[in-house]
Amino acid sequence: MRAIVVEEFGGPEVLRLAELPVPEPGPGEVSIDVAYAGVNFAELKARSVGYRVESLPFQPGLEVAGVIRAVGAGVAESHGLHPGQRVAALTRFGGYAEVAVAEADTVFALPDDVALRTGAALPTVLPTAHALLHEIGRLRVGDSVLVHGAAGGIGGVLGQLAKLGGAGQVLGVVSTEAKAEYARKAGYDEVFVGAEFAAGAQRATGDRGVDLLLDPIGGATLRTGLTVLSPFGRLVSFGNADGEAPWQAGVPDLAPGRSIGAMSILELSQQHPAELRALAERAFALVAGGAVDPLITAEHPLEEAAEVHRLIESRTTTGKFLLRLAGE
Ligand SMILES: NC(=O)c1ccc[n+]([C@@H]2O[C@H](COP(=O)([O-])OP(=O)(O)OC[C@H]3O[C@@H](n4cnc5c(N)ncnc54)[C@H](OP(=O)(O)O)[C@@H]3O)[C@@H](O)[C@H]2O)c1
């Protein structure tokens with residue numbers, strides 16, 4: 001089968017197309033004939049600096065949609081999954097391939113009305129977005145929500161889910177005016193460019209501050225975020241796109257009543273797979289009715305994986321990118 005392999009960390013050029021043996025599912029695993037693979041920022045970090053990569057060579061790719069090819073021992077009984085079924089899945093590695101293997105716990109049957117193309121854009125984005133807003137962020141009707149990276153893959157869905165959850169004001173932050181325009185069209189009420197977000201958020205909330213702030217950037221942006229929270233505001237950190245050193249906060253930073261939470265779907269899938277499964281089912285139910293659009297920008301053939309990484313790294317892209325394998 002054709003797959004992308006990384007033999008050394010580096011720029012997009014290290015994503016090499018290779019011919020590999022078709023993987024077989026072990027006990028508790030499922031193999032999938034991949035129709036489409038989603039592209040995630042975490043995969044760019046894995047390729048460039050080895051984020052969550054245990055050893056080289058490795059096969060990138062965290063999410064796919066396709067048709068089950070084979071199931072390992074016990075899977076039919078424990079999860080009701082069977083060959084021929086249309087599914088979306090989180091794969092710890094190896095999604096950029098014609099055949100991918102996933103733990104049965106992170107394989108989700110797709111409703112008939114959800115296309116495989118749509119399905120490939122959902123496994124990381126939807127459960128993460130749902131957890132950020134609801135399980136961790138405790139969104140309440142009328143809350144103001146501020147999202148960094150609002151024009152990106154997860155940012156586009158966060159805005160829609162926040163509205164769906166009853167947010168009163170949905171504010172976005174992006175790095176360019178072109179992205180601001182895109183995020184407004186995707187449903188954000190107001191979008192700020194770069195560092196102006198702090199003053200903008202205060203003005204937009206009448207100096208009350210935002211009730212829920214979702215931050216995948218980290219570093220100085222995260223620190224500034226704390227200063228624009230409402231008295232009982234919640235800040236949820238879910239990434240470190242800036243690559244700055246980890247940052248700690250204590251009681252003096254949070255009093256009188258602010259709080260900080262954190263989310264990692266990869267940690268959740270490894271440490272609490274049953275929780276992730278329940279979360280994903282809640283999140284997937286939202287798209288079955290067509291209430292959320294994953295805002296897919298483009299699909300590229302597998303051999304253009306490096307080009308897709310280059311585009312996302314150029315920081316000019318909006319929405320979600322897919323790699324096409326077998327297609328629909
Ligand atoms: N914790 C979790 O479970 C989880 C799950 C999924 C995603 N995430 C995080 O969510 C973020 C978005 O992920 P995504 O896959 O949807 O990617 P994406 O948003 O499509 O692309 C990356 C985004 O990061 C922003 N960015 C900031 N600094 C950047 C840099 N140095 N280079 C490139 N982009 C930069 C860009 O927005 P601007 O140019 O507008 O700043 C861009 O929208 C990432 O930080 C990712 O790690 C976390």
Side-chain angles (χ1 to χ4, degrees), residues 11-12 37-49 51-52 60-63 90 92 95 106 120-133 135-137 146-161 171-184 186 188 191-197 214-222 224-225 235-244 261-272 275-276 279-280 283 294-298 308-323:
V39 179
N40 292 279
F41 191 69
E43 292 145 11
L44 276 67
K45 289 268 186 192
R47 185 215 75 222
S48 58
V49 296
Y51 173 67
R52 289 187 181 271
L62 293 169
E63 65 185 349
L90 275 172
R92 281 185 61 198
T106 58
L122 305 177
T124 61
V125 165
L126 257 195
T128 303
H130 196 287
L132 290 171
L133 288 164
E135 284 77 7
I136 310 167
L146 185 137
V147 177
H148 286 280
I154 191 159
V157 167
L158 276 168
Q160 298 173 60
L161 273 194
L171 310 172
V173 187
V174 294
S175 60
T176 64
E177 190 46 53
K179 288 188 179 187
E181 183 62 28
Y182 174 91
R184 282 183 207 108
Y188 280 84
V191 184
F192 313 113
V193 176
E196 76 177 35
F197 86 87
L214 306 176
D215 184 330
I217 310 291
T221 303
L222 190 78
T224 304
L235 186 158
V236 188
S237 166
F238 67 106
N240 191 29
D242 259 0
E244 284 193 32
M263 166 70 187
S264 164
I265 193 166
L266 298 178
E267 296 273 349
L268 192 65
S269 72
Q270 281 161 31
Q271 295 182 27
H272 304 288
E275 287 287 345
L276 171 64
L279 166 65
L295 300 175
I296 295 166
T297 301
V308 175
H309 275 217
R310 231 171 254 124
L311 280 170
I312 297 175
E313 241 158 37
S314 74
R315 221 168 155 177
T316 55
T317 59
T318 51
K320 179 86 182 173
F321 281 70
L322 300 181
L323 295 175

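Numbering of ligands and ligand atoms starts at 1, following listing order. Nothing fancy with the numbering, it's 1 onward along the sequence.
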In terms of residue, atom name and distance, what is the protein heavy atom nearest to [atom]?
atom                    : result
atom 7 (C) of ligand 1  : I154 CD1, 4.3 Å
atom 18 (P) of ligand 1 : G153 N, 3.6 Å
atom 31 (N) of ligand 1 : A241 O, 3.8 Å
atom 40 (O) of ligand 1 : S175 N, 3.0 Å
atom 35 (C) of ligand 1 : R315 NE, 3.6 Å
atom 43 (O) of ligand 1 : G152 CA, 3.7 Å
atom 10 (O) of ligand 1 : F238 CE1, 3.3 Å
atom 15 (O) of ligand 1 : F41 N, 2.8 Å

Decide whether an N or O pair under 3.5 Å exists between [X] and ligand 1.
X    : result
T124 : no
L266 : no
V173 : no
G149 : no
G239 : no
E313 : no
K179 : yes
P216 : yes

Is there a side-chain contact between [X] and [Y] (heavy atoms, below 4.5 Å)?
X    : Y    : value
P123 : T106 : no
L171 : F197 : no
V191 : Y182 : no
T124 : K320 : yes

**Request:** Begin with the C-alpha distance, continue with both residues' side-chain angles, and end with the deciding distance and a verdict on side-chain contact (heavy atoms from CB on, under 4.5 Å) for T297 and T317.
**Result:** CA-CA 9 Å; T297 301; T317 59; over 6 Å; no

**Message:** Under 4.0 Å, heavy-atom basis, I'd like to know which part of T128 is in contact with ligand 1: side chain, backbone, both or neither.
**Reply:** side chain

**Item:** Q270 atom CD, neighbour heavy-atom count above 12 within 6.0 Å
**Value:** yes

**Request:** Measure the CG-CG distance between L90 and L276 for me, rounded to the nearest 0.5 Å.
**Result:** 6.0 Å

**Prompt:** Once you round to the nearest 0.5 Å, how far does NE2 of H130 lie from CE of M263?
**Reply:** 11.0 Å

**Message:** Is atom 23 (C) of ligand 1 touching the protein, meaning some protein heavy atom lies under 4.0 Å away?
**Reply:** no

**Request:** Scan L268, T128, I265 and name whichever one has a side-chain contact (heavy atoms from CB on, under 4.5 Å) with L279.
**Result:** L268

**Request:** Check step by step if side-chain contact (heavy atoms from CB on, under 4.5 Å) holds for I154 and L214.
**Result:** CA-CA 11 Å; I154 191 159; L214 306 176; over 6 Å; no

**Residue-ligand contact G155/ligand 1, heavy atom below 4.0 Å** = no

**Item:** Interfacing atoms of ligand 1 (cut-off 4.0 Å, heavy-atom, V174)
**Value:** 40 (O)

**Message:** Pair F238, I136 - check side-chain contact (heavy atoms from CB on, under 4.5 Å), show working.
**Reply:** CA-CA 11 Å; F238 67 106; I136 310 167; over 6 Å; no

**Message:** Is there a salt bridge (charged side-chain N to carboxylate O under 4.0 Å, His left out) between E313 and R310? Walk through the geometry before answering.
**Reply:** CA-CA 5 Å; E313 241 158 37; R310 231 171 254 124; over 6 Å; no

**Prompt:** Checking side-chain contact (heavy atoms from CB on, under 4.5 Å) for the pair R92/R52: CA distance, chi angles, key distance, verdict?
**Reply:** CA-CA 9 Å; R92 281 185 61 198; R52 289 187 181 271; over 6 Å; no

**Prompt:** Taking atom 3 (O) of ligand 1 as the point of reference, which of V191, I265, I217 owns the nearest heavy atom?
**Reply:** I265

